[in-house]
Amino acid sequence: MQFSQRLFLKGKPIWEACLEHPFLKELSNGTLEEDKFCFYVKQDYVYLKDYIKLFALGMVKSDSLEDIQAFSKCANAIVNIEMDAHIEYAKKFGITKEELQATKPNANNLSYTKFMLQVSTEGSLAELLAALLPCMWSYAFIGSTLAKNEKALEHPLYREWILTYADKEYNNHNKWCIELMDREAEGLPERELKKLEEIFILSSKYEYMFWDGCYKKESWVI
């Protein structure tokens with residue numbers, strides 16, 4: 001079994017729990033309140049600004065030109081596809097770009113990104129990948145699952161969000177990161193693989209907490 005498959009088996013129950021969370025259940029049947037989705041769009045916009053930095057750190061920690069180029073392409077996809085998509089979603093819900101930029105991360109958002117940045121700064125390339133993969137991989141899992149549901153694609157605005165993460169290009173970037181994880185994990189002792197697994201699981205749990213915080217519209221203000 002490749003190491004990525006081991007990670008998938010650990011992460012899948014958490015991602016399935018995400019799909020069962022009211023945020024995604026209601027999004028899939030078109031009943032999610034728009035103010036909750038707007039809250040999510042703002043929080044995710046802030047999140048992505050820190051998430052992009054992980055790919056820059058991946059370039060720093062990579063030895064081959066091919067991997068540096070691939071990390072650059074992933075970062076470019078987030079900046080010019082995913083974040084632009086968020087700006088377009090925001091416009092449709094009456095949120096200005098200035099409002100997005102002024103958004104402050106809530107406590108879970110801040111804790112999640114600080115965790116990933118610390119792991120990625122202090123750890124190995126494999127540890128960086130273990131921290132960043134659950135976001136990419138779970139979104140691909142969620143997007144491809146929801147895209148199979150015709151009911152989920154009926155909503156004129158949520159449909160676009162679903163198809164963004166079910167998109168082939170998005171999944172290609174995800175696939176490359178998974179393959180690199182396998183390369184970096186090859187030959188590592190079990191104690192190091194266990195550490196990577198723990199990082200991966202924690203990031204996956206943060207993903208669930210992110211959905212929960214957005215559904216409850218948890219503010220950064222104490």
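The residues of the chain are indexed from 1 along the displayed sequence. What you are looking at is a predicted structure, and each value in this text was computed from that prediction instead of being measured.
To the nearest 0.5 Å, atom CZ of residue Phe55 and atom CE of residue Met136 are 4.5 Å apart. One finds the CD atom of Glu88 at 10.0 Å from the NZ atom of Lys97 (value rounded to the nearest 0.5 Å). In this structure, Ile201 CD1 and Leu7 CG are separated by 8.0 Å, a value rounded to the nearest 0.5 Å. Distance CG/Asp84 to CD1/Ile78: 12.5 Å, rounded to 0.5 Å. Taking CZ of Arg191 as the reference point, atom CG of Leu196 lies at 12.0 Å (rounded to 0.5 Å). Atom CZ in Phe141 sits 5.5 Å away from atom NZ in Lys12 (nearest 0.5 Å).
Heavy atoms of other residues, nucleotides or ligands lying less than 6.0 angstrom from CG of Asn80 number more than 12. The 12-atom threshold is exceeded at CD of Glu192, counting heavy atoms of other residues, nucleotides or ligands nearer than 6.0 Å.
Asn109 is not listed as a side-chain neighbour of Asp44, based on a closest heavy-atom distance of 4.5 Å or more. Between Phe210 and Cys135 there is no side-chain heavy-atom pair separated by less than 4.5 Å. Put simply, the side chain of Thr113 does not reach to within 4.5 Å of the side chain of Pro105, judged on heavy atoms. At a threshold of 4.5 Å between non-hydrogen side-chain atoms, the residues Tyr51 and Met116 count as touching. Counting heavy atoms from C-beta on, the side chains of Leu9 and Met1 come closer than 4.5 Å. Using a 4.5 Å cut-off on side-chain heavy atoms (C-beta onward), Leu27 and Ile162 make contact.
The hydrophobic clustering, which links ILVMFWY residues whose side-chain heavy atoms are closer than 4.5 Å, places Tyr45 and Phe93 together. Under the 4.5 Å side-chain contact rule for hydrophobic residues, Tyr47 and Leu110 do not share a cluster. Note on Leu163 and Leu157: same hydrophobic cluster, where clusters join Ile, Leu, Val, Met, Phe, Trp and Tyr whose side-chain heavy atoms are under 4.5 Å apart, directly or indirectly. Under the 4.5 Å side-chain heavy-atom criterion for Ile, Leu, Val, Met, Phe, Trp and Tyr, Val46 and Val79 are members of distinct hydrophobic clusters. Hydrophobic clustering (side-chain heavy atoms under 4.5 Å, transitive across Ile, Leu, Val, Met, Phe, Trp, Tyr) groups Tyr158 together with Ile87.
Of all the heavy atoms in Cys18 and Leu24, the pair that sits closest is O-CD1, 3.3 Å. Minimum heavy-atom separation, Leu129 to Cys177: CD2-O, 4.2 Å. When all heavy atoms are compared, the tightest approach of Ala75 to Ile52 is CB-CG2, 4.4 Å. Pairing each heavy atom of Phe39 with each of Glu218, the nearest pair is CZ-O, 3.0 Å. In terms of heavy-atom proximity, Ser204 sits nearest to Ile14 at O-CG2, 3.4 Å. Heavy-atom minimum distance, Val41 versus Ala90: CG1-CB, 4.3 Å.
Applying the side-chain hydrogen bond (donor to acceptor under 3.5 Å, both in side chains) test to residues at least two apart or on different chains, the pairs with a partner in residues 114-124 are Ser124-Glu127. Applying the salt bridge (Lys or Arg N to Asp or Glu O under 4.0 Å) rule to pairs touching residues 47-56 yields Asp50-Lys53, sequence neighbours excluded. For the ring pair (Phe, Tyr, Trp, His ring centres under 6.0 Å) condition, the pairs that include at least one residue of residues 113-135, sequence neighbours left out, are Phe115-Tyr206. For residues 133-153, the pairs satisfying side-chain hydrogen bond (donor to acceptor under 3.5 Å, both in side chains) are Tyr40-Tyr139, with sequence neighbours left out. Sorted by first and then second residue, the side-chain hydrogen bond (donor to acceptor under 3.5 Å, both in side chains) pairs with a member in residues 17-28 read His21-Asp212, Glu26-Tyr215; sequence neighbours excluded. The list of side-chain hydrogen bond (donor to acceptor under 3.5 Å, both in side chains) pairs with a residue in residues 178-187, not counting sequence neighbours, reads Ser4-Asp182, Asp67-Arg183.
A donor-acceptor pair is defined here as one N or O able to donate and one able to accept, closer than 3.5 Å; no such pair exists between the side chain of Ser203 and the backbone of Phe200. The main-chain N or O of Thr96 is found under 3.5 Å from a side-chain atom of Glu99 such that the two form a donor-acceptor pair.
For Glu190, the salt bridge (charged side-chain N to carboxylate O under 4.0 Å, His left out) partners at least two apart in sequence or on another chain are Arg6. The salt bridge (charged side-chain N to carboxylate O under 4.0 Å, His left out) check on Lys92 picks up Glu160, with sequence neighbours excluded. Here Tyr170 pairs with Tyr165 under the ring-ring contact (aromatic ring centres under 6.0 Å, His included) rule; sequence neighbours left out. Under the rule for a salt bridge (charged side-chain N to carboxylate O under 4.0 Å, His left out), Glu169 has no partner lying at least two apart in sequence or in another chain. For Phe71, the ring-ring contact (aromatic ring centres under 6.0 Å, His included) partners at least two apart in sequence or on another chain are Trp176. For Arg159, there are no salt bridge (charged side-chain N to carboxylate O under 4.0 Å, His left out) partners two or more places apart in sequence or in a different chain.
The aromatic rings of Phe23 and Trp211 lie tilted to each other, with the angle between the two planes from 30° to 60°.
Salt-bridge formation is detected for the pair Glu197/Lys194: a Lys NZ or Arg NE/NH1/NH2 atom is positioned less than 4.0 Å from an Asp or Glu carboxylate oxygen.
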Next item on the list: Applying side chain to side chain contact (heavy atoms under 4.5 Å, CB included), run through Ile178 and Phe8 and close with a yes or a no.
Entry: CA-CA 10 Å; Ile178 293 169; Phe8 178 77; over 6 Å; no
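Residue Cys214 is tested with Lys42, Gln43, Lys36, Met209 for a side-chain contact (heavy atoms from CB on, under 4.5 Å); the sole match is Gln43. With Leu132 as the partner, the side-chain contact (heavy atoms from CB on, under 4.5 Å) test is satisfied by one option alone out of Leu54, Val119, Leu57, Ile199: Leu54.
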